[in-house]
Amino acid sequence: QAQLVESGGGLVQAGGSLRLSCAASGRTFSSYAMGWFRQAPGKEREFVAGLQWDDGRTSHADSVKGRFTISRGNVKNTVYLQMNSLTPEDTAVYYCAAGFALDTIPTMPSAYAYWGQGTQVTVSS
């Protein structure tokens, strides 16, 4: 059974940075896309960034382009989300997810079969 574990969340002032980590285990993730999603109170879960394991292709939501970067780690099956220039609007629970994907990086939560428990990111003004 696949398991995803996020870490790296916390409290940061506006303009600051955080790096989230996602450690995946329990299966082979080739031909999978890894995604970062976030959910703020009272809002739907939204796509933040995604990465295709096979070729390293990435995709970022317009709201985070130029500020957030998803990347693969040197440690096997680890994915990072580097978040810079954080604003209070980035406050949310951030989730790591894995889903089978061959051609495009899916942005809908329903396309992802495996999810982590989430990590809280709070940005103070």
Side-chain angles (χ1 to χ4, degrees):
Q1 182 70 16
Q3 184 176 20
L4 306 177
V5 179
E6 304 101 334
S7 61
L11 173 65
V12 64
Q13 289 188 332
S17 299
L18 282 174
R19 187 177 79 161
L20 305 183
S21 300
C22 174
S25 62
R27 67 168 300 121
T28 299
F29 289 95
S30 59
S31 297
Y32 269 65
M34 301 297 296
W36 283 100
F37 289 77
R38 66 186 181 186
Q39 189 165 19
K43 295 187 176 181
E44 294 186 352
R45 191 166 298 189
E46 65 172 353
F47 174 80
V48 175
L51 177 147
Q52 183 68 25
W53 273 121
D54 283 354
D55 57 16
R57 284 180 292 125
T58 62
S59 176
H60 296 80
D62 288 342
S63 59
V64 306
K65 278 182 181 176
R67 299 188 301 123
F68 293 10
T69 303
I70 188 172
S71 64
R72 289 183 294 195
N74 291 328
V75 176
K76 187 179 179 181
N77 289 349
T78 301
V79 176
Y80 299 111
L81 183 68
Q82 178 66 43
M83 305 186 295
N84 299 326
S85 302
L86 286 159
T87 73
E89 289 68 36
D90 295 315
T91 295
V93 178
Y94 283 71
Y95 297 90
C96 177
F100 185 76
L102 286 177
D103 296 321
T104 60
I105 298 170
T107 61
M108 295 297 294
S110 58
Y112 290 80
Y114 305 106
W115 291 83
Q117 81 287 352
T119 185
Q120 176 71 46
V121 171
T122 303
V123 184
S124 63
S125 57

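Heads up: numbering here begins at 1 and tracks the sequence.
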Any side-chain donor near an acceptor of the partner, [X] and [Y], under 3.5 Å:
X: Arg27; Y: Tyr114; value: yes
X: Ser17; Y: Asn84; value: yes
X: Glu89; Y: Thr91; value: no

Within this structure, what is the [atom1]-[atom2] distance for the pair [X] and [Y], rounded to the nearest 0.5 Å?
X: Ser30; Y: Asn77; atom1: OG; atom2: CG; value: 9.5 Å
X: Ile70; Y: Leu81; atom1: CD1; atom2: CG; value: 6.5 Å
X: Ser59; Y: Leu51; atom1: OG; atom2: CG; value: 10.0 Å

Can you name the nearest heavy-atom pair linking [X] to [Y], along with the distance?
X: Ser21; Y: Trp36; value: O-CH2, 3.6 Å
X: Ser124; Y: Pro88; value: C-CG, 4.5 Å
X: Cys22; Y: Met34; value: SG-CE, 4.2 Å
X: Gly9; Y: Leu20; value: N-CD2, 3.6 Å

Under 3.5 Å, is there a donor-acceptor pair between the side chain of [X] and the main chain of [Y]?
X: Asp54; Y: Ser31; answer: yes
X: His60; Y: Gly50; answer: no
X: Arg72; Y: Trp53; answer: yes
X: Glu6; Y: Cys96; answer: yes
X: Arg67; Y: Ser63; answer: yes

How about Arg38 and Glu46: do any of their side-chain heavy atoms sit closer than 4.5 Å?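 Yes. Closest side-chain heavy atoms under 4.5 Å.
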So Leu86 and Phe68, do their side chains get closer than 4.5 Å, heavy atoms only?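 Phe68 reaches Leu86 side chain to side chain.
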Consider only side-chain heavy atoms of I, L, V, M, F, W and Y, link residues closer than 4.5 Å, and tell whether Val12 and Tyr94 are in one cluster.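 As far as the 4.5 Å side-chain criterion goes, Tyr94 and Val12 are connected within one cluster.
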For Val93 and Thr119, what are the C-alpha separation, side-chain angles and deciding distance, and is it a side-chain contact (heavy atoms from CB on, under 4.5 Å)? CA-CA 5 Å; Val93 178; Thr119 185; 6.0 Å; no
Do the ring centers of Tyr112 and Phe37 come within less than 6.0 Å of each other?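 Centroid separation for Tyr112 and Phe37: below 6.0 Å.
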Got a list of side-chain donor-acceptor pairs under 3.5 Å for residues 101-108, not counting sequence neighbours?
none

Have a look at Met83 and tell me which of Asp90, Val123, Val121, Val64 forms a side chain to side chain contact (heavy atoms under 4.5 Å, CB included) with it.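 That would be Val121; it is the only one of Asp90, Val123, Val121, Val64 passing the side chain to side chain contact (heavy atoms under 4.5 Å, CB included) with Met83.
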With a cut-off of under 6.0 Å to the ring centre and 45° to the axis, is Arg45 in cation-pi contact with Tyr95?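 Positive - Arg45 is close enough to the ring of Tyr95 and near enough to its axis.
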Taking the six-membered ring for Trp, are Phe100 and Tyr32 parallel (under 30°), tilted (30 to 60°) or perpendicular (over 60°)?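 Phe100 and Tyr32: perpendicular rings.
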